[in-house]
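Index from 1, following the sequence.
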Amino acid sequence: MISAATSRRRVVRFAAVGIASTGLYLVIYVVTRSALGAQVSNLIALLVSAMANTVLNKRVTFEVAGRTSTRTHVQGLLVFALGAALTSGALSILHALVHDPGRVLEVAVLLAATALATVVRFVLFSRWIFRHSHAESGASDPGLSRSQPPTL
């Protein structure tokens with residue numbers, strides 16, 4: 001079990017990484033939206049920002065050093081897929097309800113969906129992928145020790 005102080009530090013670091021990742025996501029989305037459309041831009045922006053987010057959270061939030069295992073990358077891709085489903089679903093619902101919603105409304109809906117995905121991502125990172133930090137577990141990669149996701 002981790003201390004309350006460690007938990008608070010992780011939440012603050014996770015938030016900082018999340019803010020940076022969201023900024024990266026929004027820049028990529030807005031820059032590519034006109035040329036590629038909403039869904040493709042969303043998926044590209046989400047993939048790039050999720051990859052950066054996972055690496056940063058591994059090192060900064062959960063303080064895990066060393067090479068990342070294939071299992072951890074696969075787990076990260078599963079978390080990415082869940083986030084992609086949430087944001088793509090939100091865009092699909094928006095476009096089903098509003099014929100031409102405009103960029104501001106699209107971005108607002110994406111921010112709301114991303115906020116939900118962020119909560120889910122933190123739970124999955126802390127309880128599944130990076131459940132034990134390198135210092136706590138002594139393992140070279142905590143992704144090697146778990147195979148089942150937590151129940152939400």
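- Partners of T61 by side-chain hydrogen bond (donor to acceptor under 3.5 Å, both in side chains), not counting sequence neighbours, listed by chain and number: N57.
- To the nearest 0.5 angstrom, L26 atom CG is 8.5 Å from S49 atom OG.
- With rounding to the nearest 0.5 angstrom, the OG1 atom of T118 is 10.0 Å from the CG atom of L86.
- When hydrophobic side chains of Ile, Leu, Val, Met, Phe, Trp and Tyr are connected at separations under 4.5 Å, V31 ends up clustered with V27.
- Remark: S7 engages no residue in a side-chain hydrogen bond (donor to acceptor under 3.5 Å, both in side chains) (not counting sequence neighbours).
- Put simply, V12 and F62 are part of two different groups of oily side chains (I, L, V, M, F, W, Y) that touch within less than 4.5 Å, one to the next.
- For the atom pair CD1 (I129) and CZ (R121), the distance works out to 10.0 Å, reported to the nearest 0.5 Å.
- Residues passing the side chain to side chain contact (heavy atoms under 4.5 Å, CB included) test with V40 are L36, I44, sequence neighbours excluded.
- For R59, the side-chain hydrogen bond (donor to acceptor under 3.5 Å, both in side chains) test picks out no residue, with sequence neighbours left out.
- No chain of hydrophobic side-chain contacts below 4.5 Å, direct or via other Ile, Leu, Val, Met, Phe, Trp or Tyr residues, connects L47 to V79.
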Residues 15-23 side chain polar contacts: donor-acceptor under 3.5 Å, at least two apart:
| residue | atom | partner | partner atom | Å |
| --- | --- | --- | --- | --- |
| S21 | OG | V17 | O | 2.9 |
| S21 | OG | N53 | ND2 | 3.1 |
| T22 | OG1 | G18 | O | 2.8 |

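- Grouped by direct or indirect side-chain proximity (heavy atoms under 4.5 Å, Ile/Leu/Val/Met/Phe/Trp/Tyr only), L43 sits alone.
- Applying the under-4.5 Å side-chain rule to Ile, Leu, Val, Met, Phe, Trp and Tyr, the cluster around I93 extends to L94, L97, V98, L105, V109.
- Every residue meeting the side-chain hydrogen bond (donor to acceptor under 3.5 Å, both in side chains) condition with Y25, not counting sequence neighbours, appears here in chain and number order: N42.
- The same ILVMFWY cluster, assembled from side-chain heavy atoms under 4.5 Å apart, contains both V107 and L91.
- Looking only at distances, no side-chain donor or acceptor of T54 sits under 3.5 Å from a matching main-chain atom of G76.
- Residue pairs meeting the ring-ring contact (aromatic ring centres under 6.0 Å, His included) criterion with at least one member in residues 97-127, sequence neighbours excluded, are F14-F122, F125-F130.
- Electrostatic pairing of R13 and E63 counts as a salt bridge here, judged by a charged N lying under 4.0 Å from a carboxylate O.
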Might you work through the side-chain contact (heavy atoms from CB on, under 4.5 Å) test for L82 and L124, ending with a clear yes or no?
-> CA-CA 11 Å; L82 184 57; L124 291 174; 4.1 Å; yes

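- Annotation: side chain to side chain contact (heavy atoms under 4.5 Å, CB included) contacts of A5 (sequence neighbours excluded): S3, R8, R9.
- Going from atom CG of L110 over to atom OG of S41 covers 10.0 Å, rounded to the nearest 0.5 Å.
- In this structure, the separation between OG1 on T70 and CD on Q75 is 11.0 Å, given to the nearest 0.5 Å.
- For A50, the side chain to side chain contact (heavy atoms under 4.5 Å, CB included) partners are F80, not counting sequence neighbours.
- There is a path of hydrophobic side-chain contacts, each under 4.5 Å, that joins V11 to V120.
- Using modelled atom types and a 3.5 Å distance limit, the side chains of Q39 and H95 yield no donor-acceptor pair.
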